[in-house]
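Letters A, B, ... mirror the listed sequences (proteins, then strands); counts begin at 1.
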Number of protein chains: 2
Amino acid sequence: MAEAPIQPQTRADEAFDCLQTAIVTGELAPGEKIGEVELCSRFNLTRGPLREALGRLESRGLLVRRPHAGVKVVSVSAAELLELYRIREVMEGLAARQAAERMTDEEIAELQSTLDSHEKMIEQAQGQAYYQAEGDYDFHHRIATGSRNAKLAQMLLGDLYYMVRMYRYRLSTSAGRPHKALDEHRRIVEAIAQRDSELAEFLMKRHINAARQNIEQKIRNGLLAI
Amino acid sequence: MAEAPIQPQTRADEAFDCLQTAIVTGELAPGEKIGEVELCSRFNLTRGPLREALGRLESRGLLVRRPHAGVKVVSVSAAELLELYRIREVMEGLAARQAAERMTDEEIAELQSTLDSHEKMIEQAQGQAYYQAEGDYDFHHRIATGSRNAKLAQMLLGDLYYMVRMYRYRLSTSAGRPHKALDEHRRIVEAIAQRDSELAEFLMKRHINAARQNIEQKIRNGLLAI
DNA sequence: CGAGGCGGTATTGTTGACAATAAATGCCTC
DNA sequence: GAGGCATTTATTGTCAACAATACCGCCTCG
């Protein structure tokens, strides 16, 4: 894959990575107000690079900043989370369509083999939810880059996924869903392998739509406090 | 509307706005390598806020930055510009669909009246291209915000439009297209007014698809050097 | 007793100087 | 004369001090 550089090349990059993962993992809770100096001591940084990272995070919508009043982690309401899935639906649908047109045969083969390993991960039930989440992320990540649409991949991987992942960590997938999701992944890859771009788009949209409905149902049942 | 604050609230915001408009208008040409100190003197800023703005611009994909090697304005190839339109197609389709479901009657009425004024602007042929571009931007802007999908609006208005507008300035619309575009706008609004979300999505997608093909054709004819 | 204004304090925004890195130039060697 | 290496230089990255602003508690006044 080779996505992350060997090491953050500059202190600002380092700060950016630290903050981003801290937000995604929930180490910095949504809605939490955070002071700059506190963050500096926490991540061994100085305020210059930190502020630069803060700006980038704000631009990506993970932070909100009020002038002279500090920054706080964005808190996404349940409704907004569902809206995110609406966006994912159309964007990843496009990604799947373009991936079907443009992925190399090697990439498709790799994609299929990753699905195999995801299946194994799910079989050994321990840590099922976590591995499923990671596997799911891996799958969608590959489709996004496989679209050969740089901006699309950037928006999906840089903007949307991080916001969704904020909630993945506390959103344990419901029983039975992992298998269903994997099956849906399989069908999408199948369509891509057959270069059936229309079908790939359709299946991807339906896949994400199903995930959204899954969350929607949980919210209705009060199983999910956001 | 009331979008832009009365004045940039902080120096970094000011820097961000300056740089962004400078890039969009072409004052800073794509591919141009720019030094920080030069920018500082040009916009009467100091390097701190400037760097913060630079980070935000980079995060939005208008700049590319190589550590210790300076920043340069992103140069979008013809192929990438067309890819941008593919993204717009699906995202604005979604925006139109949600706008049809969620815009208030007042907003729809306003939208219709803005179309009237756009028509007048086109009638008086002078500066046709410019007004058309602005009117087009205005229209799509309203649809995006009308979707009541904050993240969608943010991604469209914050990420995509600025990149597209970089090329709008040198992309004179072809003869006859303004009228056609206005007509397409009219139909979309009509669908929204009738709360026909499916039709609104369809028409919007087709509208942007037509714009893309228009550009594609120009590129093929060598009328467009990118 | 409540509301509004006022000052202290802590936090953010900004600045200029310092250090580290990469590009560029000139020199030396082959 | 050409190529590679070391030095120089300019640019970026980083830091710590300074200034400006908003929040909080207190006091006064209605």
Notebook entry, point to check: Quick one: Leu54(A) CG to dT12(C) C1', roughly how many Å, whole number?
Noted result: 11 Å
Note to self: Looking at Arg195(B) and Asp105(B), is any side-chain nitrogen of the basic one under 4.0 Å from a carboxylate oxygen of the acidic one?
What the structure shows: yes
Notebook entry, point to check: With distance as the sole criterion, is a donor-acceptor pair present between the side chains of Glu83(A) and Gln98(B) under 3.5 Å?
Noted result: yes
Next item on the list: Give a yes or no on whether the backbone of Ser77(A) and the side-chain of Glu80(A) come within a donor-acceptor separation of less than 3.5 Å.
Entry: yes
Next item on the list: Answer with yes or no whether Arg65(B) presents, from its side chain, a donor or acceptor under 3.5 Å of a partner atom in the base of dG13(D).
Entry: no
Note to self: Distance check needed: dT11(D) C1' versus Leu39(B) CG, whole Å only.
What the structure shows: 13 Å
Notebook entry, point to check: So which one's nearest nucleotide on DNA chain D is more toward 5', Ala69(A) or Gly48(A)?
Noted result: Gly48(A)
Item checked: Nucleotide nearest Arg11(A) (side chain, heavy atoms from C-beta), chosen from dT14(D), dA22(C), dT14(C) -> dT14(D)
Notebook entry, point to check: What nucleotide, of dT12(C), dA22(D), dG13(D), holds the atom closest to the side chain of Glu36(B)?
Noted result: dG13(D)
Check: Is any NZ, NE, NH1 or NH2 atom of the basic residue among Glu107(B) and Arg148(B) found under 4.0 Å from an Asp or Glu carboxylate oxygen of the other?
Finding: yes
Margin query: Under 4.0 Å, counting only non-hydrogen atoms across every strand here, what does Gly70(A) touch: a base, just sugar-phosphate, or nothing?
Written below: sugar-phosphate
Next item on the list: Rounded off to whole Å, could you give me the CZ-to-P distance for the Phe16(B) and dT14(C) pair?
Entry: 15 Å
Next item on the list: Select one nucleotide: of dC23(D), dT14(C), dT21(D), the one nearest the side-chain heavy atoms of His68(A).
Entry: dT21(D)
Next item on the list: Measure the distance from CD on Glu52(A) to P on dT15(C) and round it to the nearest whole Å.
Entry: 16 Å
Notebook entry, point to check: Would Arg56(A) and Glu58(B) pass as an ion pair if we require N to O under 4.0 Å?
Noted result: yes
Margin query: dT14(C), OP1 or OP2 - any side-chain N/O from Thr10(B) closer than 4.0 Å?
Written below: yes
Note to self: Side chain of Thr46(B) only, heavy atoms from C-beta on: which candidate in dT12(D), dT14(D), dG16(C) is closest?
What the structure shows: dG16(C)
Item checked: Nucleotide nearest Arg66(A) (side chain, heavy atoms from C-beta), chosen from dC23(D), dT14(C), dT14(D) -> dC23(D)
Next item on the list: Rounded off to whole Å, could you give me the CG-to-P distance for the Leu50(A) and dG13(C) pair?
Entry: 11 Å
Next item on the list: Starting from P on dC23(D), measure out to NZ on Lys72(A) and report it in whole angstrom.
Entry: 12 Å
Notebook entry, point to check: Roughly, in whole Å, what's the span from CZ in Arg51(A) to P in dG13(D)?
Noted result: 17 Å
Check: For the pair made of CG in Asn44(A) and P in dT14(D), what is the distance, rounded to whole Å?
Finding: 14 Å
Check: 5'-most contact on DNA chain D: Gly35(B) or Leu45(A), nearest heavy atom basis?
Finding: Gly35(B)
Notebook entry, point to check: The side chain of Arg47(B) lies closest to which of these nucleotides: dA22(D), dA17(D), dG13(D)?
Noted result: dG13(D)
